[in-house]
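Values reported hereafter were calculated over all heavy atoms of this structure, with side chains retained and with hydrogens, waters and symmetry mates removed. Below, chain A is the first sequence line, B the second, and so on; all start at residue 1.
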Protein chains: 2
Amino acid sequence: MTDETLTIRLMCEQFAVTPRTLRFYEAKELLFPLRKGHARLFTRADRARMTLILRGKRFGFSLEDIRQLLDMYDPGGSNEAQLTRTFELAQKRLHQMEAQRAELDIAITDLNLQLAEGARLIAAFRSAAT
Amino acid sequence: MTDETLTIRLMCEQFAVTPRTLRFYEAKELLFPLRKGHARLFTRADRARMTLILRGKRFGFSLEDIRQLLDMYDPGGSNEAQLTRTFELAQKRLHQMEAQRAELDIAITDLNLQLAEGARLIAAFRSAAT
DNA sequence: AGCGCACTTTACGTTAACGTAACCGTAACG
DNA sequence: CGTTACGGTTACGTTAACGTAAAGTGCGCT
């Protein structure tokens, strides 16, 4: 059985975050560690969520955005209406992400052009320093 | 001559921001409007900068990050050392952006898979409702 | 002169995402 | 049995990127 539950320390190591962060995420209902006495035990599900949380953060989603996305990765709302609402929300996110990628592509192209120009300038400086 | 300089109001309209934002950007040395008396006049260069600022913001760069990037788009640091440093900074950004795009692609793929699963679930619900 | 309007500066308020300090419990170790 | 180690709960502090309110300035009009 992979009941491999982690203490807060180990969890912190695995994801390179502080205890404060994990407690904060629990408060924000992004993680739901079990309790053994008063201590937290992070489950496999929590670890899966953490991966998604960190990924979400890296491209600029807010924790609140991420919380909503996480709900979708769950077998949570088991009635059709809820499921449909969640599905539509996910589609909106997807469009946002695709738009973001499109902009990122443009920016990368721009920056590449600027880099080429920069390289040209530097080369000019060097050849001028004969 | 395209000395088409804009008042703060017009500038706000063009970029859909508030006066506070423009003043704030000036304080942070992202914009350098001229002064006619005590009033600001935004130049074509300022408008170009604004476009870049807003683009930068859209994929999560901080204003400080953006300020450094803007320096590169300038004929500003006219010595080789400065130019080279700026060039390297830009390269780092580029790598960050490419990494970000790679992750975004993964996330988009993930989300697409989840959406497919979601669609399957919803379809199941509907056929069950015979 | 008086009025209003657009613009200004100064400065305190706000939200997100934690950091950090203070204080408490308990379990193991020497 | 004291203390070190790890865990916990308040609760105030911090940074970024503005919002917002207060109070002053200049100018064009009547």
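- Contact check on B:Arg126 versus A:Glu80 returns a salt bridge, with a Lys/Arg side-chain nitrogen under 4.0 Å from an Asp/Glu carboxylate oxygen.
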Which side-chain N or O atoms in residues 87-99 of chain B pair as donor and acceptor under 3.5 Å with protein atoms at least two apart or in another chain?
from, atom 1, to, atom 2, distance (Å)
B:Arg93, NH2, B:Asp65, OD1, 2.9

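- Here C:dC7 presents its P atom at 11 Å from CG of B:Leu6, a figure rounded to the nearest Å.
- Note on the helix from C:dA1-D:dT30 to C:dG30-D:dC1: terminal axis deviation equals 30°, with five pairs used at each end and the result rounded to 10°.
- What separates CG of A:Leu34 from P of D:dG8 is a distance of 13 Å, to the nearest Å.
- The CZ atom of A:Arg67 sits 15 Å away from the C1' atom of C:dA16 (whole-angstrom rounding).
- Residues passing the side-chain hydrogen bond (donor to acceptor under 3.5 Å, both in side chains) test with A:Arg20, sequence neighbours excluded: none.
- Pairs passing the side-chain hydrogen bond (donor to acceptor under 3.5 Å, both in side chains) check and including a residue from residues 104-116 of chain A, sequence neighbours excluded, read A:Asp105-B:Arg101, A:Asp110-B:Arg55.
- Applying the salt bridge (charged side-chain N to carboxylate O under 4.0 Å, His left out) test to A:Arg67 and every residue at least two apart in sequence or in another chain returns A:Glu64, A:Asp71.
- Residues from residues 35-42 of chain B placing a heavy atom under 4.0 Å of any atom in DNA chain C, listed by number, are B:Arg35, B:His38, B:Ala39, B:Arg40.
- In the hydrophobic clustering, B:Leu34 connects to B:Leu41, either directly or through intervening members, whenever side-chain heavy atoms lie under 4.5 Å apart.
- Judged by distance alone, with hydrogens and angles left aside, the side-chain atoms of A:Arg49 form a donor-acceptor pair with the main-chain N or O of A:Leu30 at under 3.5 Å.
- Note on residues 9-18 of chain B: pairs passing side-chain hydrogen bond (donor to acceptor under 3.5 Å, both in side chains), not counting sequence neighbours, are B:Thr18-B:Thr21.
- Phosphate contact (OP1/OP2 of C:dT8, side-chain N/O of B:Arg23, threshold under 4.0 Å): present.
- Under a 4.5 Å side-chain heavy-atom criterion applied to ILVMFWY residues, the cluster that includes A:Ile106 comprises that residue alone.
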Checklist outcome for this item: Letter by letter from the 5' end, nucleotides 17-22 of chain D scores (B base, S sugar-phosphate only, - none; protein heavy atoms under 4.0 Å) BBBB--
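- By the salt bridge (charged side-chain N to carboxylate O under 4.0 Å, His left out) test, A:Glu117 pairs with A:Arg120, sequence neighbours left out.
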